[in-house]
Protein chains: 2
Amino acid sequence: MAKLQKSIDKRNALVKATIDLVNNNGFHATPMSKIAKMANVSPATIYLYFENKQDLVNQTYIQVKAEYTNYTFATYEDTMPVEAGFALIWNRIADFKLKECDNALFLAQCDNTPMIDEESRQEGIKHLQPLLDLWERGRKEGIIKPVSDYVLYAYAINPLSFLMMTEKRGAFQLDKTHLEEAYESAWSSIKACK
Amino acid sequence: MAKLQKSIDKRNALVKATIDLVNNNGFHATPMSKIAKMANVSPATIYLYFENKQDLVNQTYIQVKAEYTNYTFATYEDTMPVEAGFALIWNRIADFKLKECDNALFLAQCDNTPMIDEESRQEGIKHLQPLLDLWERGRKEGIIKPVSDYVLYAYAINPLSFLMMTEKRGAFQLDKTHLEEAYESAWSSIKACK
DNA sequence: AAAAAAAGAATGAACATTCATTTTTTAAAT
DNA sequence: ATTTAAAAAATGAATGTTCATTCTTTTTTT
C-alpha cells in the first residue's frame with residue numbers, strides 16, 4: 001500500500017476512534033491511550049498526526065463538520081425555488097443525521113460543550129452559508145418569515161439534532177412518518193403566514 | 001448561624017461552583033480542587049456532601065432540573081385551555097432559560113453528553129409530565145397535531161435551548177421581538193392545521 | 001469534654017506527552 | 001532486479017504532572 005494512503009488510513013482510524021469514544025464516554029473519560037488502542041496504534045503515534053489532544057479533537061470536529069455540510073449541499077443548486085431548495089437541504093440534513101449517526105452525535109456534543117476551541121467552532125460554521133442565502137432569498141420573496149437566521153435555524157434545523165439524539169438513546173424509533181411530521185413542523189415554523 | 005443552614009449554604013456553594021466551572025471549562029477541565037476553591041471549602045469537605053465527583057455532578061443535574069420544572073409549572077393549572085396553557089408554559093421556560101442562563105446552559109450540556117448517569121437522567125425527565133398531559137389533551141381536542149411527544153418537544157421547546165446557547169456565545173441578542181417570533185414559530189409547528 | 005465538621009497534606013492512580021529504540025520505507029548504486 | 005544505507009515512521013517504555021480521594025489533625029458545635 002502506498003505510504004500516503006497508509007497515513008490517511010491511520011489518521012482516519014484515529015478520528016473515528018475519537019468520535020466513538022467521546023460519544024460513548026464523553027471527552028473527560030477518553031484518554032489518549034484508549035484512542036490509540038482503538039485505532040491499533042501506539043499512543044506516541046498520535047503525536048505524529050496531531051499536536052496534542054486538543055488539536056485532535058478540534059481537527060476531528062472540523063473534519064466531521066465539513067463532511068456534514070458537503071453532504072448537505074451536494075445536490076443543491078442556488079437556482080432552485082425556495083421551498084424546493086429548503087425541502088432538499090432539510091432532507092439531506094435529516095439523512096445525514098440518521099445515517100451518519102455517530103458523526104452527528106459527535107457534532108451535537110461539540111456544539112453544546114466548551115470542548116472545542118472557539119477558532120475551530122468558527123471554522124465549522126462557515127460552510128452553512130448556502131442555507132442562509134436561501135433564507136435571505138425566501139424572505140425577500142415573502143415565502144419565509146422575516147425573522148433572524150438564528151430563529152430560523154433553531155426551528156427548522158436544530159430539532160433534528162434533538163430527535164436524532166432521542167432516537168440514539170433508544171427512547172423512540174424515528175421512522176418515515178415521524179420524519180414527514182418533522183418536515184411539516186419545520187416548514188410550518190418558518191414559512192410566512194398566509 | 002444554625003448548623004443546618006450552614007450546611008445548606010455550603011452545599012449550594014458547591015453546586016453553584018460546579019455549574020460555573022463546567023459551563024466555562026467543560027467537565028473534563030473541572031477538577032475537584034477548583035470546585036473546592038471556588039466554593040471556599042477544602043477539597044476534603046466536598047466528600048462530606050457528595051460521594052464522589054460523579055455523584056456531585058449527578059446531584060447538581062437533578063437539583064437544577066427540579067428548579068427548572070418547578071419554575072416552569074409554578075403558575076400552570078391543568079384546567080387551562082390548551083393554547084393558553086401552552087403559551088404559559090412556553091413563556092415560563094423561555095423566562096427560565098433567559099434569566100437562569102447558567103442553569104439552563106448546564107442542563108443543555110448535561111443533556112447532550114454522557115456526563116450524567118442514565119439513572120439521574122431518567123429522574124430529571126419525570127417532572128415534565130404536565131406538559132405531556134397538556135399535549136395529549138390538545139391532540140384529543142384537535143388543537144395539537146397528532147404527533148409524537150418527542151416531535152412536539154423537538155419543535156416547541158428544544159429550540160429555546162439553541163437560542164439561549166447562541167445568545168450566550170454572543171452571536172446575537174435575544175430580545176422581546178425575537179421571543180415573540182420564537183413563540184410564533186413554536187406554536188405554528190405544533191398546532192393542528194386548519 | 002465528647003461529637004461533628006472541616007481542613008490541609010498525603011497517597012496512589014491515571015494520564016498526556018516525550019524519549020530512546022526499532023521497524024519500515026525510500027531511493028541511489030550496483 | 002537487488003542491495004544497502006539513509007531517512008521516516010512507528011513503537012513501548014519512561015517521565016512528570018494532575019487529579020480524585022483518603023488520612024490525620026485541628027476547629028467548631030453541642
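Owing to the predicted nature of the structure, the values given are computational and were not obtained by experimental measurement. The figures here come from the full heavy-atom set of this structure, side chains too, leaving out hydrogens, waters and symmetry mates. Within every chain, numbering begins at 1; the chains are lettered A, B, ... in the order of the sequence lines, protein sequences first and strands thereafter.
Counting non-hydrogen atoms of neighbouring residues, nucleotides and ligands closer than 6.0 angstrom, the CD atom of A/Glu119 reaches no more than 12 such neighbours.
As rounded to whole Å, 10 Å separates atom P of C/dA5 from atom NZ of B/Lys10. Separating the OH atom of A/Tyr49 from the P atom of C/dT17 is a distance of 18 Å, rounded to the nearest angstrom. One interatomic measurement links the two molecules: CG of B/Asp55 to P of D/dA20, which rounds to 14 Å at whole-angstrom precision. Look at CG on B/Leu48: it is 14 Å from P on D/dT21, rounded to the nearest Å. Rounded to whole angstrom, the span from the CD atom of B/Glu51 across to the P atom of D/dT22 amounts to 10 Å. Atom OH of A/Tyr47 and atom P of C/dA16 are 7 Å apart (whole Å). Between the P atom of D/dT11 and the NZ atom of A/Lys37 lies a distance of 14 Å, rounded to the nearest Å. Here C/dG8 presents its C1' atom at 14 Å from CD1 of B/Ile46, a figure rounded to the nearest Å.
Side-chain proximity of A/Asn52 to D/dC19, C/dA7, C/dT17: nearest is C/dT17. Among C/dA7, D/dC19, C/dT17, the nucleotide with an atom closest to any side-chain atom of B/Pro31 is D/dC19. In this structure, of D/dT21, D/dG12, C/dT17, it is C/dT17 that holds the atom nearest to the side chain of A/Met32.
Salt-bridge annotation for A/Lys16 and A/Asp20: present, with a side-chain N of the basic residue lying under 4.0 Å from a carboxylate O of the acidic one. In this structure, A/Arg139 pairs ionically with A/Asp149, as a charged nitrogen and a carboxylate oxygen lie closer than 4.0 Å.
Side-chain nitrogen and oxygen atoms of B/Thr45 include at least one within less than 4.0 Å of the OP1 or OP2 phosphate oxygen of C/dA7.
Both A/His28 and B/Ala44 lie close to DNA chain C; mapped to their nearest nucleotides by heavy-atom distance, the more 5′-ward contact belongs to B/Ala44.
You'll find the side chain of B/His178 stays beyond 4.5 Å of the side chain of B/Glu167, heavy atoms only.
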